[in-house]
Amino acid sequence: MKKRLHVVTWGCQMNVYDSARMADVLSPLGYGPADGPEDADMVILNTCHIRERASEKLFSELGRLRLVKQARAEQGNATILAVAGCVAQAEGKEILARAPYVDIVLGPQTYHRLPEMVAQAARAAGAVIDTDFPAESKFDFLPDLAAPQTEGGLTAFLTIQEGCDKFCSFCVVPYTRGAEASRPAASVLAEARRMVQAGAREITLLGQNVNAWHGEGPNGTPQTLGWLLRALAEIPGLLRLRYTTSHPRDMDDDLIAAHAEVKQVMPFLHLPVQSGSDRILAAMNRKHTADDYLRLIEKLRAARPDLALSSDFIVGHPGETEAEFEATLGLIRAVGFSQAFSFKYSPRPGTPAAGAPGQIPEAEKDRRLYALQDLLRAQQADFNRRCVGLTLPVLITGPGRHDGQVAGRSPYLQPVHFIGPKNLIGQEIPVTIEAAHTNSLSGATLKEKACA
Ligand code: 5AD
Ligand code: SF4
């Protein structure tokens with residue numbers, strides 16, 4: 001009998017990917033997509049713990065789903081309610097104590113055991129909890145299904161690495177996602193080939209610490225991300241490669257060289273720095289200085305002069321003074337980012353910074369965040385404006401928002417839209433950029449310009 005699955009995903013691309021894989025492992029059990037929770041035999045909330053209010057958001061959603069589950073039960077329909085992801089990992093027991101109507105709690109390392117847990121939950125009244133870090137890797141168990149990740153499957157995400165050994169003072173990832181683990185090259189290459197066969201033209205390699213990838217290569221020895229990018233670039237039909245998220249410490253020379261030598265590697269890099277103050281970087285346990293970062297950017301730009309840069313910033317880490325905050329603004333000015341993410345420091349229970357002295361008042365964090373975001377917004381607008389007049393290769397991924405438009409991405413990850421026929425979808429074509437908007441560009445194809 002056909003069953004219906006509804007998955008709610010919060011957080012990062014890793015979670016988007018994991019949600020797709022959970023749907024994959026459940027499909028042999030007869031689960032297909034539901035229209036919404038009311039119509040679902042199983043609901044999975046795939047949670048994210050990285051910043052504030054994760055558990056309040058979860059419990060408020062669970063409260064709503066409890067009513068849905070009750071209403072369905074009155075009609076004679078059972079609903080399996082599962083909580084997955086990093087909040088499940090960190091607060092599994094509390095979830096079952098506060099929301100006993102939850103049937104399954106599972107951490108990110110155990111998705112391959114989901115079918116077994118569903119069977120158990122269906123049989124038993126008691127809830128099933130599985131948040132251990134198993135000795136075997138979940139990469140060994142997930143079915144190798146081609147899972148086109150986005151519209152038309154033209155751009156796909158492929159997880160090659162999970163977990164982190166860096167233990168930044170503020171971050172829960174080493175606790176929730178466990179130690180760094182790399183997927184073997186053969187498995188990555190096989191999945192990439194299947195994605196390309198299924199229509200993917202761009203693949204983004206994912207991992208919390210993706211450039212720490214050191215998966216087993218063909219001769220049984222560990223390889224590096226630079227090597228993997230070169231191997232992936234051999235796949236016919238794969239036009240574009242990206243990878244995220246990287247740590248500055250793991251940007252080795254070979255990976256930098258890949259940006260110069262491998263044409264499929266896009267000239268865009270998300271490289272979180274978090275702060276521009278050496279004292280705060282040390283307190284954050286980042287293991288690099290502001291100058292290390294700036295020198296790295298110089299090397300990257302020497303390899304690939306048009307490289308666009310993105311980063312993550314945290315304002316208001318415990319102890320951050322005004323001068324230290326200004327050092328972050330100084331670093332931003334020195335680099336010039338095409339886009340970036342910025343956050344107010346949020347204490348995560350169990351991490352070293354949460355108990356550190358010198359917690360910054362919320363209003364002060366707000367002020368710093370607004371100032372920082374003003375600067376980043378101006379840099380993004382400036383970057384977009386500098387694209388006007390250039391002809392950029394754009395991978396067309398779907399229809400645009402307005403009639404007659406198609407839309408795609410520039411090499412620098414900017415959304416680009418222009419008037420054009422739908423049969424361009426799936427192609428990479430040159431587009432002349434005519435106008436810059438806050439978060440996107442508009443343009444025209446050469447042919448269209450000639451007729452205009
Ligand atoms: N508070 C604020 N921001 C955080 N990040 C991670 N943990 C925290 C925290 N406790 C940010 C970092 C990281 C991004 C994914 O989220 O900038 O790079
Ligand atoms: Fe978290 Fe990234 Fe630091 Fe690892 S490197 S602890 S994932 S912020």
Side-chain angles (χ1 to χ4, degrees), residues 10-17 47-55 57 85-87 89-91 108-109 159-182 204 206-214 225 243-251 269-277 280-288 290 292-293 296 309-320 325 328 331-332 337 339-356 358-362 364-366 368-369 372-373 376:
W10 289 310
C12 64
Q13 289 299 347
M14 298 284 284
N15 269 14
V16 175
Y17 179 87
T47 60
C48 170
H49 197 244
I50 204 136
R51 283 178 296 275
E52 55 234 309
R53 291 196 214 291
S55 41
K57 204 152 97 182
C86 295
V87 180
Q89 181 66 43
E91 297 173 30
Q109 306 301 319
T159 295
I160 64 165
Q161 180 281 335
E162 271 225 81
C164 182
D165 299 330
K166 300 263 183 330
F167 291 91
C168 297
S169 63
F170 51 81
C171 184
V172 284
V173 166
Y175 311 96
T176 53
R177 293 269 170 168
E180 204 282 327
S182 294
T204 303
L206 294 179
Q208 270 98 19
N209 229 193
V210 74
N211 60 342
W213 182 84
H214 59 274
L225 186 58
Y243 58 95
T244 198
T245 290
S246 295
H247 191 287
R249 289 269 295 199
D250 296 315
M251 283 311 299
L269 181 63
H270 179 63
L271 191 61
V273 62
Q274 314 294 357
S275 167
S277 148
I280 292 297
L281 286 168
M284 285 177 163
N285 193 29
R286 289 288 295 174
K287 303 186 179 81
H288 61 80
D292 293 337
Y293 188 84
L296 190 53
L309 287 151
S310 160
S311 197
D312 289 343
F313 299 93
I314 296 179
V315 300
H317 185 272
E320 185 188 68
F325 165 64
T328 302
L331 179 138
I332 294 174
F337 291 94
Q339 62 163 72
F341 302 94
S342 45
F343 312 101
K344 286 192 288 182
Y345 169 71
S346 143
R348 313 309 300 138
T351 58
Q359 299 288 328
I360 309 292
E362 216 48 35
E364 180 54 24
K365 285 196 255 183
D366 283 335
R368 291 182 193 178
L369 187 68
L372 185 120
Q373 289 186 339
L376 289 170

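We count ligands from 1, going down the list as the structure has it; atoms in each ligand are counted the same way. Everything quoted here is computed from the prediction, not taken from an experiment.
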Only one of Phe325, Phe343, Tyr345 clears ring-ring contact (aromatic ring centres under 6.0 Å, His included) with His317; which? Tyr345
CG of Leu271 to CG of Leu296: how many Å apart, nearest 0.5 Å? 6.0 Å
Closer than 3.5 angstrom, by distance alone: can the side chain of Gln208 be matched with the main-chain N or O of Gly163 as a donor-acceptor pair? yes
Any donor-acceptor N/O pair, Asn15 side chain to Trp10 backbone, under 3.5 Å: yes
Under 3.5 Å: donor-acceptor pair, side chain of Ser182, backbone of Trp213: no
Would you say the side chain of Arg286 lies within less than 4.5 Å of the side chain of Ile280, judging by non-hydrogen atoms? no
Closer than 3.5 angstrom, by distance alone: can the side chain of Asn211 be matched with the main-chain N or O of His247 as a donor-acceptor pair? yes
Rounded to the nearest 0.5 Å, the OG1 atom of Thr159 sits from the CG atom of Leu206 at a distance of 4.5 Å
With 2.8 Å as the threshold, which protein atoms of type N, O or S lie near atom 3 (Fe) of ligand 2? Leave waters out. Cys168 SG
For Asn209, is there any backbone N or O sitting under 3.5 Å from a side-chain donor or acceptor partner on Gln161? yes
Per-pair distances, ligand 1 N/O vs protein N/O, less than 3.5 Å:
{"residue": "ligand 1", "atom": "1 (N)", "partner": "Ser346", "partner atom": "N", "Å": "3.0"}
{"residue": "ligand 1", "atom": "10 (N)", "partner": "Phe170", "partner atom": "O", "Å": "3.0"}
{"residue": "ligand 1", "atom": "10 (N)", "partner": "Ser346", "partner atom": "O", "Å": "2.7"}
{"residue": "ligand 1", "atom": "16 (O)", "partner": "Arg51", "partner atom": "NH1", "Å": "2.9"}
{"residue": "ligand 1", "atom": "17 (O)", "partner": "Gln274", "partner atom": "OE1", "Å": "2.6"}
{"residue": "ligand 1", "atom": "18 (O)", "partner": "Gln274", "partner atom": "NE2", "Å": "2.9"}
{"residue": "ligand 1", "atom": "18 (O)", "partner": "Asp312", "partner atom": "OD2", "Å": "2.6"}

